[in-house]
Amino acid sequence: MPNDFTKLLLEWNRSGNTRQMPWKGEKDPYKIWLSEVVLQQTRVEQGLAYYEKFIERFPTITDLAMAPDELVFKTWEGLGYYSRCRNLLATARTIAFEKSGVFPDSYEDILKLKGVGPYTAAAIASFAFGQPQAVLDGNVFRVLSRYFGICTPIDTPEGKKLFSQLAKALLYQDDPAVYNQAIMDFGAVVCKPQQPACETCILRGDCQAFQLGCIDRIPVKSRSILRRNRFFYYFILSWKGGYYIRQRKESDIWQNLHEWVLLERSEILEADAAGFKKELKILLDTAVGEVREISVVQKQQLTHQTISGRFIRVELQTPLPENSGYRLVRREELSAIAFPRYITRYLETHPL
DNA sequence: AAGCCGGGGAT
DNA sequence: ATCCCAGGCTT
């Protein structure tokens, strides 16, 4: 027998939830998994086009598993958190080639997949296989903390444990999939982070945060993130119609994506052609050509870093040495290679 | 347990 | 500017 919260939530879902999404009611675990990974820390509106594009290009998990890495990364380009893409591909290959294309159907086995944590495992288990696993995402944290007036920080082990138990206890056993979908829809549409629709909310009579007038202070988070400033100077070196790039490998931002010749500094550098030419010469330990253009300062905000810098176009007079770490690619090849947004944004206004 | 990993939209 | 998003991995 459902409790009051679950009853009210299901009532809202029946009568007041008009939210539509392509994966709603979907039972194919591949599509569920794909949609969930795309949507990790990503708004539905932002992820939607990527989901459609993946399904179109890779209709089955085997299609995805057999695809070249670069095509998959190119499809993911611009969505961010690129480890999701790397793990997506690894898991597709594991399932396609080691599990005969059969998606695991128990929560425990789903949880073992790369890139699949407690939330995604619960989502797949409930949506694709109807299992009684309660999802716990940003929406659920917010809805439950407000409704029950819980001030325990949600980003601590204690908070995670508390909300996990609560979510489990509230789950509608007769239809876990509908319940999970409903609570996330409710959090996204009604119990929003800012300016929630309390005036029309059918749960407000029992909502502790609303009754106490502290909606805007719940959920509570313990730590605040601090950002560091980094300064990237990208040299776009051209040689005989080609351009030098490399793939980022270090454990740093934008892993697996490509970039131009990078000079990183701890401060902003002026648009000084002679200065940049000198820096480049030191960086590559080789003669360099003419500096054609230096861009204005471009800035991008990441979660833990603020990237600022310039793009410097240089026409080489000799090719780079073989051991430079960079490879020469033709201009036409660049459209198949994945770059971080910081670079594609520049290219939008400064085509090669 | 804390820190790190993108990009975009809303406020 | 700040917050947050259908979180998960690494250290």
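Side chains are part of it too, since the values below use all heavy atoms of this structure and drop only hydrogens, waters and symmetry mates.
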Subject >> A:Y233 and A:F276 aromatic ring geometry - parallel, tilted or perpendicular at 30°/60° bounds >> reply: tilted

Subject >> Residue-level proximity of residues 68-87 of chain A to DNA chain B when a heavy atom falls under 4.0 Å >> reply: A:G78, A:L79, A:G80, A:Y81, A:Y82, A:R84

Subject >> Between A:R84 and A:T42, a side-chain donor and acceptor under 3.5 Å >> reply: yes

**OP:** Please state the P separation for the pair B:dC4 and C:dA6 - nearest whole angstrom.
**Re:** 24 Å

Original post:
For atom P, what is the distance between C:dC5 and B:dA1, given to the nearest Å?
Top reply: 22 Å

**OP:** Tell me which residues in residues 26-50 of chain A put a heavy atom below 4.0 Å from DNA chain B, sorted by number, or none.
**Re:** A:Q41, A:T42, A:R43, A:Q46

**OP:** Specify the closest pair of heavy atoms between A:Q133 and A:L171, including all atoms of both residues, with the distance to one decimal.
**Re:** N-CD2, 3.7 Å

**OP:** Could you check A:R227 against A:A123 and say which one's nearest nucleotide on DNA chain C is further toward the 5' end?
**Re:** A:R227

Subject >> Distance-only donor-acceptor test, A:R142 side-chain atoms vs C:dA6 base atoms, 3.5 Å >> reply: no

Subject >> Residues touching DNA chain B, which here means a heavy atom under 4.0 Å, drawn from residues 248-268 of chain A >> reply: A:D252, A:I253, A:W254

Subject >> Donor-acceptor pair between A:Y119 and A:Q40 side chains, under 3.5 angstrom >> reply: no

Original post:
Can you check side-chain hydrogen bond (donor to acceptor under 3.5 Å, both in side chains) on A:Q247 and A:K249, steps first, answer last?
Top reply: CA-CA 6 Å; A:Q247 189 171 33; A:K249 298 285 190 187; 3.0 Å; yes

Subject >> Trace of the side-chain hydrogen bond (donor to acceptor under 3.5 Å, both in side chains) decision for A:R86 with A:S83 >> reply: CA-CA 5 Å; A:R86 186 174 67 250; A:S83 67; 4.8 Å; no

Subject >> First and last nucleotide of DNA chain B, 5' to 3', lying under 4.0 Å from heavy atoms of chain A >> reply: B:dA1 to B:dT11

Without placing hydrogens or testing angles, list every side-chain donor-acceptor pair under 3.5 Å for residues 150-160 of chain A, not counting sequence neighbours.
from	atom 1	to	atom 2	distance (Å)
A:D155	OD1	A:S222	N	2.9
A:D155	OD1	A:S222	OG	2.9
A:D155	OD2	A:S222	N	3.1
A:D155	OD2	A:S222	OG	3.2
A:D155	OD2	A:R223	N	3.3
A:T156	OG1	A:P153	O	3.2
A:T156	OG1	A:G159	N	3.0

Subject >> Atom pair distance, as rounded to whole Å: CG in A:L88 and P in C:dG7 >> reply: 16 Å

Subject >> Given A:W260, A:W76, A:Y82, the one that forms ring-ring contact (aromatic ring centres under 6.0 Å, His included) with A:F339 >> reply: A:W260

**OP:** Look at the side-chain heavy atoms of Ile, Leu, Val, Met, Phe, Trp and Tyr, link any pair under 4.5 Å apart, and say whether A:F235 and A:V329 land in one connected group.
**Re:** yes

Subject >> Cationic N near anionic O, under 4.0 Å, A:R146 to A:D216 >> reply: no

Subject >> From NZ (A:K53) to CD (A:E77), nearest 0.5 Å >> reply: 8.0 Å

Subject >> Distance-only polar pair, side chains of A:S238 and A:R313, donor-acceptor under 3.5 Å >> reply: no

Subject >> Integer angstrom distance from the P of C:dT10 to that of B:dG6 >> reply: 13 Å

Original post:
Between A:F148 and A:F5, what is the ring plane arrangement, given parallel below 30°, perpendicular above 60°, and tilted in between?
Top reply: tilted

**OP:** Could you tell me whether A:R265 and A:E279 have a side-chain N and a carboxylate O separated by less than 4.0 Å?
**Re:** yes

Original post:
In residues 334-348 of chain A, which residues come under 4.0 Å of DNA chain B by heavy atom?
Top reply: A:P340, A:R341, A:R345

**OP:** Identify the residue among A:Y51, A:Y50, A:F58 that makes a ring-ring contact (aromatic ring centres under 6.0 Å, His included) with A:F54.
**Re:** A:F58

Original post:
Are A:Y244 and A:W239 an aromatic pair by the rule of ring centers under 6.0 Å?
Top reply: no

